[in-house]
Protein chains: 4
Amino acid sequence: MSSTSRSLVPRFNLHNRTSPPKRRTGRKRDRAAKQEALIRAATKLFASKGYDLTTTREIAAVAGCAEGLIHRYFQGKAGLLLALMSYHASREVAELSDGLPLADSLEAEIQQLMTWEVDRMWRDRDLLRASIPHAILDPKVGRFVSRVGHQRHAKAIFDRLRHYKGEQVSDQEIESISQAIGALAFVFGFMHPVLLGSEGKQTRKVTSSIAKIITQGLQRA
Amino acid sequence: MSSTSRSLVPRFNLHNRTSPPKRRTGRKRDRAAKQEALIRAATKLFASKGYDLTTTREIAAVAGCAEGLIHRYFQGKAGLLLALMSYHASREVAELSDGLPLADSLEAEIQQLMTWEVDRMWRDRDLLRASIPHAILDPKVGRFVSRVGHQRHAKAIFDRLRHYKGEQVSDQEIESISQAIGALAFVFGFMHPVLLGSEGKQTRKVTSSIAKIITQGLQRA
Amino acid sequence: MSSTSRSLVPRFNLHNRTSPPKRRTGRKRDRAAKQEALIRAATKLFASKGYDLTTTREIAAVAGCAEGLIHRYFQGKAGLLLALMSYHASREVAELSDGLPLADSLEAEIQQLMTWEVDRMWRDRDLLRASIPHAILDPKVGRFVSRVGHQRHAKAIFDRLRHYKGEQVSDQEIESISQAIGALAFVFGFMHPVLLGSEGKQTRKVTSSIAKIITQGLQRA
Amino acid sequence: MSSTSRSLVPRFNLHNRTSPPKRRTGRKRDRAAKQEALIRAATKLFASKGYDLTTTREIAAVAGCAEGLIHRYFQGKAGLLLALMSYHASREVAELSDGLPLADSLEAEIQQLMTWEVDRMWRDRDLLRASIPHAILDPKVGRFVSRVGHQRHAKAIFDRLRHYKGEQVSDQEIESISQAIGALAFVFGFMHPVLLGSEGKQTRKVTSSIAKIITQGLQRA
DNA sequence: GATGAATGAGCCTTCATTCAT
DNA sequence: AATGAATGAAGGCTCATTCAT
């Protein structure tokens, strides 16, 4: 999974600089810091104005460095978009499995996963905002976003739910529920609040209610 | 619902031309035909290359009329996008309630609604492709797309499901299921196939399976 | 000869507009006038600052029209250079044969041709200045300039000199002399005055002297 | 002569390093070697792509040293062009007088000078290609190229021809012939082959023929 | 002294919009 | 009313030059 995402922008791996910031001063000034500043600036700007209405001039200004760096580091504005996606993707890997303890029961796990994923979509809203418009037009980007978006943790969710397997639930059902959680989280965690400009008030209620219905569907005699 | 869509582009309503086709209809027909040609051309082009990469020159060329008409009729490229959305919105109104007979049972209805909505999302993919990038950036457009997209027929779905009310299902649950169907249809009918460049093979199986689980969740003693 | 030159920029033929300026108002404003203004402005600027240091902005400003026209009419700055050469080439065709009567003797003809050609090179200095830098780098342009420059009227000169053929002069000699006149005129009429920033004082004396020596060389018993 | 060339780039004289090769020559050699490498690289690149299309990055890459040295040694790209011309000029000084024995007769000398000069122009084609575009625009450079080009050895040629003076040839005629030889050699040795992309086949025949005619012109009566 | 990463001014070009015809 | 030629603002990118290392 992450191997594919890495292939988009194979050259930059800002996260692997485990060495102290001044150590690998291979050449000059703080290259990694500027790359990150550019990526952050671009993420914000692409998310708020859209890719096309954002100028490289603006990005450089917000990042506090020279415009030419965008071309030196990322081979242009388009490359910056890819790098941005790659950056965020690698940054959020394993977020799920690390941070969230397993719940006591399948029902509780489904509930907590739903909530957790909805929140994660909201946290990732800038990345999604910046990349979805391109994902829709370019299948290559699309596959990437598909993973980061509603499908990214399908496997992780699937694995977590399998722990409760004893309870007469088939793998097929677990697979479907994993997909459903991803899809519902994408819509209620990202699309709804973003499209409507604010977090929907009843989102929690609806997602919780759906989680409950699904849970019940699994418990039938 | 349609009142909101009308507010976006209040001037054009190619479908509801309720005024009788009087004399000089040739002229009017020409005008309406050109407006429609422009809208169709823009929908196709926006969907395939994106709004910003599509030039007004191209749109006019594909539509077979003069570039200046885009400004005369729609006050520019941006107006054409709005008109396009309005056009498609009005065109698809009541599609659901008219075309699909009620099923024999709640379970069957949920299944057929899920399938129906997934298909509808796919049919509307060009409209969604053209409008989602802007919907993400502009809440005004966002509300519009929200309706056309995963929320459009929430009310209609809700009403249909209420027909089976006797069976111990609360309004709250029906509401949640309506929302869930819209959300799942959006993801599995539009996002997945579009992002991945082709209709996912297992989409049917997953949606069907989820519908079944939901159904079962409603049938608990 | 002129067929080749035409192939460089086959699309524009500003000279053929024999019809009155208002006649063929196919579309809008005075297209031909603007094309010519752009070509004149470019010729002047390329000649004085060089192609690369001349900006399209400047050209448009000097020509008194919009920058975009350079791209609409000539497909960019590079196309304007080609159009410019084509324009001047067609404009000067047949200048020689039309304007200069045959002299009374071969000697007199050689003298007058030398003078005439030296003057012509000087008149064409802007065109040559603008095109020679590119001619040196691009053989395609080179062939063009070769004709316009020191070789252009080789044929015409040859034909004129043949009129005096009776006088024991072989075709081979006439051919060589034609070439020599072109070469000497190019150097003394263009290179010398341009490189030195002003018309050399002794140019006339030298060319005249050489013409005389050549003449004498042909008159040996 | 060399005084003028020196004024262009007064600082560098790689050839006339008259100072004895003292200690730490290694360092100096390095420096001189890099200067020469840069000049050679620039000559090649300017000649093949033109000054403006050649980047300092490329020059440094071809020369195998750092980009910054171009500015340290030559005060920038423009300075490198001047240094380049100066370098080649000093390098070819006295080539003529040293390498070519006097012929037995005036006629033979004119023939051999013509051939010799044509060849030299061709050998110098890279230098001429690199410098002529600028010579055309800048009289200062123009004067330089004028010497290196068609006028460089006028004096030397003049001196050689004077050895045969007894034969009823005036100084004025010798002067004119010297100039003519330079001019014809420039056109037939440089312009023709370069503009046409290859050495013209009949160049030899034409130059030889012209030399013969000139010779005959001096032998009259 | 040497290096090459960083800078940012300036270029050609595109394209929505205007308006003469 | 319809057309499309003309406009010109604005953007991405290049590259000579500077300067921290």
Side-chain angles (χ1 to χ4, degrees), chain A residues 22 25-31 34-35 52-61 64-80, chain B residues 27-28 30-31 34 51-61 64-80, chain C residues 22 25-31 34-35 52-61 64-80, chain D residues 27-28 30-31 34 51-61 64-80:
Chain A
K22 211 67 178 187
T25 93
R27 294 302 169 202
K28 289 304 157 38
R29 259 132 130 167
D30 202 342
R31 179 191 181 106
K34 294 219 161 148
Q35 288 186 343
D52 296 277
L53 291 186
T54 302
T55 69
T56 54
R57 216 97 78 189
E58 271 176 306
I59 298 169
C65 60
E67 203 180 352
L69 247 33
I70 292 172
H71 301 91
R72 166 180 283 275
Y73 290 159
F74 306 107
Q75 287 81 248
K77 195 189 183 187
L80 179 52
Chain B
R27 276 287 220 216
K28 281 191 180 172
D30 274 7
R31 184 186 170 110
K34 289 202 169 169
Y51 176 85
D52 296 275
L53 292 187
T54 301
T55 68
T56 53
R57 204 106 71 198
E58 271 175 307
I59 298 170
C65 59
E67 210 179 346
L69 289 188
I70 292 172
H71 298 87
R72 169 176 293 278
Y73 292 158
F74 306 106
Q75 285 78 250
K77 195 187 179 187
L80 178 54
Chain C
K22 211 69 178 185
T25 93
R27 293 304 169 200
K28 289 305 157 38
R29 260 135 129 167
D30 201 344
R31 180 191 180 106
K34 295 221 160 145
Q35 288 186 342
D52 296 274
L53 291 187
T54 301
T55 69
T56 53
R57 210 102 75 194
E58 273 175 306
I59 297 169
C65 61
E67 207 180 349
L69 247 32
I70 292 171
H71 301 91
R72 166 180 284 275
Y73 291 158
F74 307 107
Q75 285 81 251
K77 195 188 182 187
L80 179 54
Chain D
R27 276 288 220 218
K28 282 190 180 174
D30 273 8
R31 182 185 173 109
K34 289 201 170 172
Y51 175 86
D52 297 274
L53 291 186
T54 301
T55 68
T56 53
R57 203 104 73 199
E58 273 175 306
I59 297 169
C65 60
E67 209 180 346
L69 290 187
I70 291 171
H71 297 88
R72 170 175 292 279
Y73 292 158
F74 306 107
Q75 285 79 250
K77 195 187 179 186
L80 178 54

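Below, read A as the first sequence line, B as the second, and so on, with proteins coming before strands; counting in each chain starts at 1.
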Distance check needed: [N] [atom2] versus [X] [atom1], whole Å only.
X: B/Ile70; N: F/dA1; atom1: CD1; atom2: C1'; answer: 16 Å
X: C/Leu80; N: E/dC12; atom1: CG; atom2: C1'; answer: 13 Å
X: A/Lys34; N: E/dA5; atom1: NZ; atom2: P; answer: 13 Å
X: A/Gln75; N: F/dG12; atom1: CD; atom2: C1'; answer: 14 Å
X: A/Asp30; N: E/dA5; atom1: CG; atom2: P; answer: 15 Å
X: D/Arg72; N: F/dA16; atom1: CZ; atom2: P; answer: 19 Å
X: C/His71; N: E/dC12; atom1: NE2; atom2: P; answer: 7 Å
X: D/Ile59; N: F/dC15; atom1: CD1; atom2: P; answer: 12 Å

Look up atom [atom1] in [X] and atom [atom2] in [Y], then write down how far apart they are to the nearest 0.5 Å.
X: B/Cys65; Y: B/Ile59; atom1: SG; atom2: CD1; value: 10.0 Å
X: A/Lys34; Y: A/Asp30; atom1: NZ; atom2: CG; value: 8.5 Å
X: B/Leu69; Y: B/Leu80; atom1: CG; atom2: CG; value: 11.0 Å
X: A/Phe74; Y: A/Gln35; atom1: CZ; atom2: CD; value: 4.5 Å

Quiz prompt | Test item: B/Tyr51 side-chain N/O and B/Ala78 main-chain N/O as donor-acceptor pair under 3.5 Å | solution = yes
Quiz item: Considering only side-chain heavy atoms of D/Ala66, which listed nucleotide, E/dT3, E/dC12, F/dA2, is closest?
Solution: E/dT3
Practice problem: Counting heavy atoms from C-beta on, name the nucleotide in F/dT3, F/dA1, E/dA2 closest to the side chain of B/Leu69. | Solution: F/dT3
Practice problem: Report yes if at least one side-chain N or O of D/Tyr73 is closer than 4.0 Å to OP1 or OP2 of E/dG1; otherwise report no. | Solution: no
Quiz item: Is there a side-chain polar atom (N or O) of C/Arg31 under 4.0 Å from OP1 or OP2 of F/dA5?
Solution: no
Self-check item: Residue whose nearest DNA chain F nucleotide is more 5′ - D/Tyr51 or B/Cys65
Solution: B/Cys65
Quiz prompt | Student check: side-chain heavy atoms of C/Gln75 and C/His71 closer than 4.5 Å | solution = no
Quiz prompt | Shortest non-hydrogen separation from B/Ala66 to B/Ala60 and the atoms involved | solution = C-CB, 3.8 Å
Self-check item: Any residue meeting side-chain contact (heavy atoms from CB on, under 4.5 Å) with B/Thr56, in chain and number order, not counting sequence neighbours
Solution: B/Glu67, B/Ile70, B/Lys77
Self-check item: Dot-bracket notation for DNA chain E, counting Watson-Crick and G-U pairs under 3.5 Å, with | for partners on another strand
Solution: .||||||||||||||||||||
List every contact pair, protein side and nucleotides 9-11 of chain E side both N or O, where the distance is under 3.5 Å.
residue : atom : partner : partner atom : Å
E/dG10  : O6   : A/Arg57 : NH1          : 2.7

